[in-house]
Number of protein chains: 2
Amino acid sequence: MLKISKKADYALMALQHIASVQFGDVTPGRVVNTKEIAEEYNIPLELLAKVLQVLSKQGLIESHNGPKGGYLLARSARQITIAQIIESIEGPLAITDCSHEKDGDFCMQREHCNIRTPLLKIQDSIYQLLNNMTLGDMMGGTPLITIQSPAAQGVER
Amino acid sequence: MLKISKKADYALMALQHIASVQFGDVTPGRVVNTKEIAEEYNIPLELLAKVLQVLSKQGLIESHNGPKGGYLLARSARQITIAQIIESIEGPLAITDCSHEKDGDFCMQREHCNIRTPLLKIQDSIYQLLNNMTLGDMMGGTPLITIQSPAAQGVER
DNA sequence: CTTAGTACGACCATATTGATCGGAGATCAT
DNA sequence: ATGATCTCCGATCAATATGGTCGTACTAAG
């Protein structure tokens, strides 16, 4: 059903939370630890920890060790796109198996496959969609998302 | 990774094939049986059969029993959208679990969930994308996707 | 040097999906 | 009518992905 995984969900929630604390009015610049997020959103602590580790390794957030430690956004919320977040957790967007096939690495039906090209177009459109929306947009502040999907420029129907 | 299932893949291939036979130059109007499609695209016969049965039950194709039997599109290729095909097989498009929650049927983190609204916007955009492309578009060699700039206007929190 | 936190890797349980098997019911040709 | 060919339908199995857990090591602040 084209679902995104729970881990990715958790990643989005966590990043939204971190961003809102970091740029919020109350305690701006404060680091946020795993436990705080887990409790706020009822996310299993250990699982969330792993998600945050991945995000950290991917360079979306910075980790600070030790007591009083926690996580911080690595860049501005406007510079983190939804696509980046989801791909950090789930790997490259691939609507269909043959999306990133190298030469000589075909699926069984590739030979006469008639749907690869259109599917890749669709995939590209979805990617544009996700990549044109940032964490900043998600937070309400000033929602400026502009989607001009390139794949969409086709003829009208 | 936002992947669509193999069954849905098969459904798309099969429908594309049926459509191209039905409206092709060679033997227009001919019915197509399961075996022919399975062999052409290297799809496991039994699995494809089940997929076609579902498509038939969903009213996308008509089945004709007995020898010389097979399948026909139930309507014109331009009236069958990619969204309809995929949803026939995979059920309603749901990018996230809470997409179609009824009242009182919350996910654990719904209470403080901060990402539901933006995700629903994204989902809607993807749906538009899939619903604006038809089987007919897929065949014409020039797939014309039309997105009407969707999602993220005014994500309020 | 103790404590509170992250980092990391191995691990299990369950759900989903892909795929298979067996038979029942139609339909057409002969 | 009868058999061959086809769809129809339900049950089942295997593989994979996913969600979730555990234990331990490492780091930094007090």
Side-chain angles (χ1 to χ4, degrees), chain A residues 1-14 18 30-39 41-72 74 86 89-92 94-97 107-109, chain B residues 1-14 18 30-39 41-72 74 86 89-91 94-98 107-109:
Chain A
M1 334 171 199
L2 278 176
K3 208 185 309 189
I4 64 181
S5 69
K6 278 232 166 61
K7 284 185 192 176
D9 267 349
Y10 295 158
L12 289 169
M13 288 187 219
I18 293 172
R30 194 186 105 230
V31 297
V32 184
N33 68 27
T34 310
K35 195 177 173 190
E36 172 183 332
I37 303 176
E39 288 177 351
Y41 300 100
N42 290 303
I43 303 174
L45 179 66
E46 305 295 337
L47 185 54
L48 177 62
K50 187 179 293 184
V51 168
L52 290 176
Q53 286 159 27
V54 173
L55 292 177
S56 159
K57 186 174 285 180
Q58 295 289 328
L60 294 182
I61 54 180
E62 287 176 7
S63 76
H64 291 268
N65 257 352
K68 298 276 180 183
Y71 292 99
L72 276 176
I86 294 181
I89 302 293
E90 307 196 342
I95 208 180
T96 181
D97 283 329
C107 70
M108 209 82 297
Q109 34 274 134
Chain B
M1 333 172 196
L2 279 176
K3 207 185 308 189
I4 65 182
S5 70
K6 279 231 166 62
K7 283 185 191 174
D9 267 349
Y10 296 158
L12 289 169
M13 289 187 218
I18 294 173
R30 195 185 104 231
V31 297
V32 184
N33 67 27
T34 310
K35 195 177 172 191
E36 172 183 334
I37 303 176
E39 288 176 351
Y41 300 101
N42 291 302
I43 302 175
L45 179 65
E46 306 296 339
L47 185 53
L48 177 61
K50 187 177 293 186
V51 169
L52 291 176
Q53 286 159 27
V54 173
L55 292 178
S56 159
K57 187 174 286 181
Q58 296 289 329
L60 294 183
I61 54 180
E62 288 176 7
S63 76
H64 291 269
N65 257 351
K68 297 276 180 182
Y71 292 99
L72 277 175
I86 294 181
I89 302 294
E90 306 196 343
I95 210 182
T96 181
D97 282 328
C98 61
C107 70
M108 208 82 297
Q109 34 273 136

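Order of the sequence lines sets the chain letters (A, B, ...), proteins ahead of strands, with each chain counted from 1. Keep in mind the model is a prediction, meaning the values are calculated, not measured.
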Just to confirm, is there a sub-4.0 Å distance from OP1 or OP2 of [N] to any side-chain nitrogen or oxygen of [X]?
X: A:S63; N: C:dA7; value: yes
X: B:Y71; N: D:dC6; value: no
X: B:T34; N: D:dC6; value: no
X: A:Y10; N: D:dG19; value: no

**Asked** Which nucleotide, D:dT5, C:dT6, C:dA19, lies nearest any side-chain atom of B:P67?
**Response** D:dT5
**Message:** Let's see if you can work this out: which of D:dT27, D:dG19, C:dT27 has an atom nearest to the side-chain heavy atoms of A:N65?
**Reply:**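 Given the options D:dT27, D:dG19, C:dT27, the side chain of A:N65 is closest to D:dT27.
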**Request:** Mind listing the residues from residues 45-54 of chain B sitting with a heavy atom below 4.0 Å of DNA chain C? Number order is fine.
**Result:** B:E46, B:L47, B:K50
Whole angstroms only, please: what is the [atom1]-[atom2] distance between [X] and [N]?
X: B:N33; N: C:dC28; atom1: CG; atom2: P; result: 15 Å
X: A:L2; N: C:dT17; atom1: CG; atom2: P; result: 11 Å
X: B:L55; N: D:dC8; atom1: CG; atom2: P; result: 11 Å
X: A:D9; N: D:dG20; atom1: CG; atom2: C1'; result: 15 Å
X: A:H64; N: D:dC26; atom1: NE2; atom2: C1'; result: 17 Å
X: B:E62; N: C:dA26; atom1: CD; atom2: C1'; result: 16 Å
X: A:K68; N: D:dG30; atom1: NZ; atom2: C1'; result: 10 Å
X: B:K6; N: C:dT16; atom1: NZ; atom2: P; result: 18 Å

Do [X] and [Y] make a side-chain contact, defined as non-hydrogen atoms from C-beta onward lying under 4.5 Å apart?
X: A:V51; Y: A:V54; value: no
X: B:I37; Y: B:M13; value: no
X: A:L52; Y: A:Y10; value: no
X: B:K68; Y: B:V31; value: no

**Request:** Could you pull out all residues at least two apart from B:K3 that satisfy salt bridge (charged side-chain N to carboxylate O under 4.0 Å, His left out)?
**Result:**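 So B:K3 forms a salt bridge (charged side-chain N to carboxylate O under 4.0 Å, His left out) with A:D97.
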**A:K3 vs A:K35, nearer the 5' end of DNA chain C by closest nucleotide** = A:K35
**Request:** Look only at the side chain of B:E90 and the backbone of B:I4, and say whether a donor-acceptor pair between them is shorter than 3.5 Å.
**Result:** no
**Message:** Let's go through B:D9 and B:I43 carefully: what are the C-alpha distance in whole Å and the side-chain angles of both, what is the deciding distance for side chain to side chain contact (heavy atoms under 4.5 Å, CB included) to 0.1 Å, and is it a yes or a no?
**Reply:** CA-CA 10 Å; B:D9 267 349; B:I43 302 175; over 6 Å; no
